[in-house]
Each structure stands twice: as structure tokens, then as C-alpha cells.
2 protein chains.
Amino acid sequence: MTEVKVDPRIIRTRKLIMDAFMQLVMKKEFKDITIKDITTGATINRATFYYHFTDKYDLLDAVLTENLMTNVLSEIMEHDELNKETLTQIFLSVTKFQTDLSNQCRRSFEAFTSTIEKKLKDALLGIFSNLLRDSYEIEEELCHISAVMLTWAIYGATIDWQQNSQQSPEAYMELALPILMKMYDHPIHF
Amino acid sequence: MTEVKVDPRIIRTRKLIMDAFMQLVMKKEFKDITIKDITTGATINRATFYYHFTDKYDLLDAVLTENLMTNVLSEIMEHDELNKETLTQIFLSVTKFQTDLSNQCRRSFEAFTSTIEKKLKDALLGIFSNLLRDSYEIEEELCHISAVMLTWAIYGATIDWQQNSQQSPEAYMELALPILMKMYDHPIHF
DNA sequence: CAGTTTTTGTCGTTTATACGACAGATAGTG
DNA sequence: CACTATCTGTCGTATAAACGACAAAAACTG
């Protein structure tokens, strides 16, 4: 597929930087992590950092897409029909990802949420759009609006569960599911 | 102490090469390991190998002194008196090192023995010379000869135990010890 | 608030590594 | 034995990484 030959030095150094960053993020607060901390942990020169990333936010973005979120993103994307099971599994994938990462990076997780939200919503919008377009006879515009609101609704549910709910994600989903399903079950136009 | 600043790239690349080599040596026979095998495992360019080592024998030498033999060599060196216990512990250190490494590198160990023998004898000669010179009133020449023969005798014993003995190293040593001790217990000259 | 220290980006120069190519040496094959 | 393929060691060139220095920004301190 996309087999561009990348200089092995770049692969190694990027990995050194990312690994060092992930180590730091598990103990320190994101805002207290300096570039020097990262490059020291990676045993590379500080100037080299800027050869790979513009700043630590850029690095965070790369670490999320290339490491921390790869599993949850591929789990979200692997469904091929929009139904009960798909919605439930997506909800479970996202909530599990969030609780796991927040446990792993107790001090830094808060700083990640905004970037994570953006990436997850992108993924959700993408999969919902595709599934609606493929499986239902809906005009493009309606399809888009449904996907947008499904995305925000299910993502909002994961946040609410995380912050306000005492019950299991499965139990929470039993309440949310009927509402979500009504959002895309449009009568077919003639 | 000897704190010369070494370019971190050199440290990292040397480690990559050595680690890859140690991985290979655990499964393959030394003579069947090519430079390409090593550099592929280390994810470095083949030409870079020659920047660090002249050939795979040079690499083997470095891996032995800097990794595989560091423990046994420091165990040998840490004694400060020539007596029963010292000789026994040295014998046990060496035999344990040999059996462990030979189990770890079943196919390659045979190719290592000559280099290992050289290094171990150097260490043994060094420690025996020092201990004899410090603790006994012996002329330098006698001291040297005693150290040489002690070295060969105890090293030969480890090889014999390894190849021909069914008993425990401790039991073997009970027989060898009295002979070894006679080798340096010279009457003091007046 | 002023004064100090730390951190951030950036730059120029030096060094290490990547890469492809090469001839000679070794090994494998019919 | 000849033939082919693989491996070795070396070279020149391009790129990445190291290093020290710098000014500006940010954070800290009294």
C-alpha cells in the first residue's frame, strides 16, 4: 500500500521521542513537561526535537494518532452496518479507551481531552456517514446531518457516563440506545 | 572517573548492533551469522557497522567484555584475599557463567570459547598476581609463576568439570581445592 | 514591579548514519 | 570444473543528528 521508504534514522528518533513522551505523561502533568525533559528521556539533542515536531502539542497529536488511539480508532472503523450492536460496541470502545487512558495518565489526561474529542468525532462522523450512505436510501444532506448528530450524541453520552454515571457502560447504553436508533431510522421517501 | 563525553548516536547505534547480535547468537550458529543479518536486526545500514567494528569477531569481543562477561569478570575481581573461599567462589562463578552462556547460545557457544578463555585467563592472572603480591612475601618472579599456574590449573578444572564431570561444581572443587592451595602456599624465605 | 532564571525556537557547523555502487572474496550449484 | 549468487569491505555523496550559541519569550523570585 503506502510503502514510502522512510530514512530509518527518522523512524528510530521519532520513536525515541514518542516513547520518552509517553513515559513522562504517565507521571507528570502535560503542562509541566518541557522539551528538555522529553529530549533528555529520549537521549537526543534538543534541536533534533524540532526537526520532527513543531512543539509538544504537535507531538501529542502524533502520539495520539500513531500510538495511544490506534486501537480505539480501528475498533470504531471496523463496523460495516449501523445497528444496535455497532452502536453499543462503539460506545464501549470509546468509554474503555477513555477510562484506561485516564488511569494511565492521571495527571495529563485532562490536557488531552480536547484533542481526543476532535479525533474521535472525526472518526465517528466518518464511519456513521459511510454506513448511512451505504445502507440507507437517504439524501446526502440528511445523511450528513444524521451522522453529525449521532456523533455528538454518542460522544456526549460517553462523557456523561464518565463524569456523572455510577452504572456500568452496558447499563447506561440500554437507556441511550433507543434514542440513538431513532436518530437514523428515517422513513423512506417515494 | 573516565567520563569522556561520547556522541549519543554512537552509544545508541553500538547498542543496536550489540543487541541484534545477541539476539542472533541465541538461535543461529556464529559462523552462519552475516553482517547483513546483524545490521538488518539492528535496523541500521550495513556500512554503518564498519564504522563501529572491523568485523564480527571484533563485535564478539566487544559484546563479551561489555555485556556477556561483565558479571563474571567483576565477580572474579572483587576478592581481596587468596584463600579457600576465594578459590571456590571463583570456580563457581566461572562454571556458572560457562553453563549459563552455553545454554543461552547453544549453537554459537563453541565459537566463543577461545575468546572467552583468553579473557578469563587475563582476569584470573590479574587477580592472582595482585593477591599474591599483596598478601605474601614472595619475590616477583615466583609470584608471577604461581599466578600463571594457578590460572591455568583452575581454568582447566572448570573445563574438565564442564566436559567430563557428573558431580556438582562444589563436589568437584572439594577435590581440586587442596591441590590449588598447595600451589601458592610457599615457605617464607629468610 | 524589576531582576533573575528557565524555556523556547532557531541557526551554523561538525559528526554520524543512510544509501547505492563497486571490486574482490566465498560459498553454493550444476 | 565453471557459473552464479552471496557476502565482504570500502568509497563518495546526501541527509539526520549533535552541539553550542543566541535572542526572545515565559516563568519564577523578592
Side-chain angles (χ1 to χ4, degrees), chain A residues 2-25 27-63 66-67 107-108 110-112 114-115, chain B residues 2-63 66 107-108 110-112 114-115:
Chain A
T2 42
E3 284 197 25
V4 254
K5 272 188 192 171
V6 183
D7 192 319
R9 288 174 290 186
I10 291 186
I11 297 174
R12 291 200 303 262
T13 305
R14 267 180 75 95
K15 178 163 165 50
L16 284 175
I17 295 173
M18 290 185 172
D19 288 351
F21 178 72
M22 288 193 283
Q23 285 301 316
L24 284 170
V25 127
K27 337 169 211 166
K28 271 183 130 179
E29 200 169 347
F30 181 71
K31 76 168 170 48
D32 293 332
I33 297 175
T34 70
I35 308 296
K36 187 68 194 152
D37 291 337
I38 299 168
T39 57
T40 300
T43 65
I44 65 156
N45 193 275
R46 196 170 59 85
T48 304
F49 175 89
Y50 295 99
Y51 189 88
H52 295 268
F53 304 98
T54 62
D55 52 36
K56 66 176 176 175
Y57 302 95
D58 186 31
L59 168 60
L60 170 60
D61 205 274
V63 166
E66 295 172 35
N67 285 283
R107 302 177 196 283
S108 282
E110 188 59 29
F112 296 177
S114 145
T115 310
Chain B
T2 41
E3 283 197 27
V4 253
K5 272 187 193 172
V6 183
D7 192 319
R9 289 174 291 185
I10 291 186
I11 297 174
R12 291 201 302 263
T13 304
R14 267 181 74 94
K15 179 165 166 47
L16 284 174
I17 295 173
M18 290 185 172
D19 288 352
F21 177 71
M22 289 194 281
Q23 285 301 316
L24 285 170
V25 128
M26 296 202 298
K27 338 169 210 166
K28 272 182 127 177
E29 199 169 347
F30 180 72
K31 76 168 171 46
D32 293 332
I33 296 175
T34 70
I35 308 295
K36 187 67 194 153
D37 291 338
I38 299 168
T39 56
T40 300
T43 65
I44 63 156
N45 193 276
R46 195 170 59 86
T48 304
F49 176 90
Y50 295 100
Y51 190 89
H52 295 268
F53 305 98
T54 62
D55 52 36
K56 66 175 176 176
Y57 304 94
D58 186 31
L59 168 59
L60 169 61
D61 205 273
V63 166
E66 295 172 35
R107 302 177 196 284
S108 282
E110 188 58 31
F112 296 176
S114 143
T115 310

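Letters A, B, ... mirror the listed sequences (proteins, then strands); counts begin at 1.
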Problem - A:Arg107 atom CZ: more than 12 heavy-atom contacts under 6.0 Å - result: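 12 or below, so no.
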Handout entry: Crowding at CD, B:Glu66 (>12 non-hydrogen neighbours, <6.0 Å)
Key =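 Enclosed.
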Practice task
Compute whether any side-chain donor of one residue and acceptor of the other, for B:Thr34 and B:Asp37, lie under 3.5 angstrom apart.
Solution key: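 There is such a pair between these side chains.
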So, for [X] and [Y], which heavy atoms are closest and what is the spacing to 0.1 Å?
X: A:Ala62; Y: A:Phe53; value: CB-CE2, 3.7 Å
X: A:Lys27; Y: A:Gln23; value: CE-O, 3.5 Å
X: B:Ala42; Y: B:Ala20; value: N-CB, 3.6 Å

Practice task
Provide the start and end nucleotides, 5' to 3', of the part of DNA chain D that has atoms under 4.0 Å from heavy atoms of chain A.
Solution key: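 So the contact region on DNA chain D extends D:dT15 to D:dA21.
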For [X] and [N], give me the distance from atom [atom1] to atom [atom2], rounded to whole Å.
X: A:Ile33; N: C:dT8; atom1: CD1; atom2: C1'; answer: 16 Å
X: A:Ile35; N: C:dT7; atom1: CD1; atom2: C1'; answer: 9 Å
X: A:Tyr57; N: C:dG9; atom1: OH; atom2: P; answer: 9 Å
X: A:Lys31; N: C:dT6; atom1: NZ; atom2: C1'; answer: 15 Å
X: A:Phe53; N: C:dG9; atom1: CZ; atom2: P; answer: 14 Å

Exercise for the section: Go along nucleotides 17-26 of chain C 5' to 3' and tag each nucleotide: B for a protein heavy atom under 4.0 Å from its base, S when only backbone or sugar atoms are that close, - otherwise. Expected result: BSB-B-----
Exercise for the section: Kindly say whether A:Ile10 contributes a backbone atom to a donor-acceptor pair with the side chain of A:Thr13 at under 3.5 angstrom? Expected result: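 No, the answer is negative, given that no donor and acceptor are paired below the 3.5 Å cut-off.
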Exercise for the section: Can you measure from CZ (B:Phe49) to NZ (B:Lys56) and round to the nearest 0.5 angstrom? Expected result: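 NZ of B:Lys56 is found 9.5 Å from CZ of B:Phe49.
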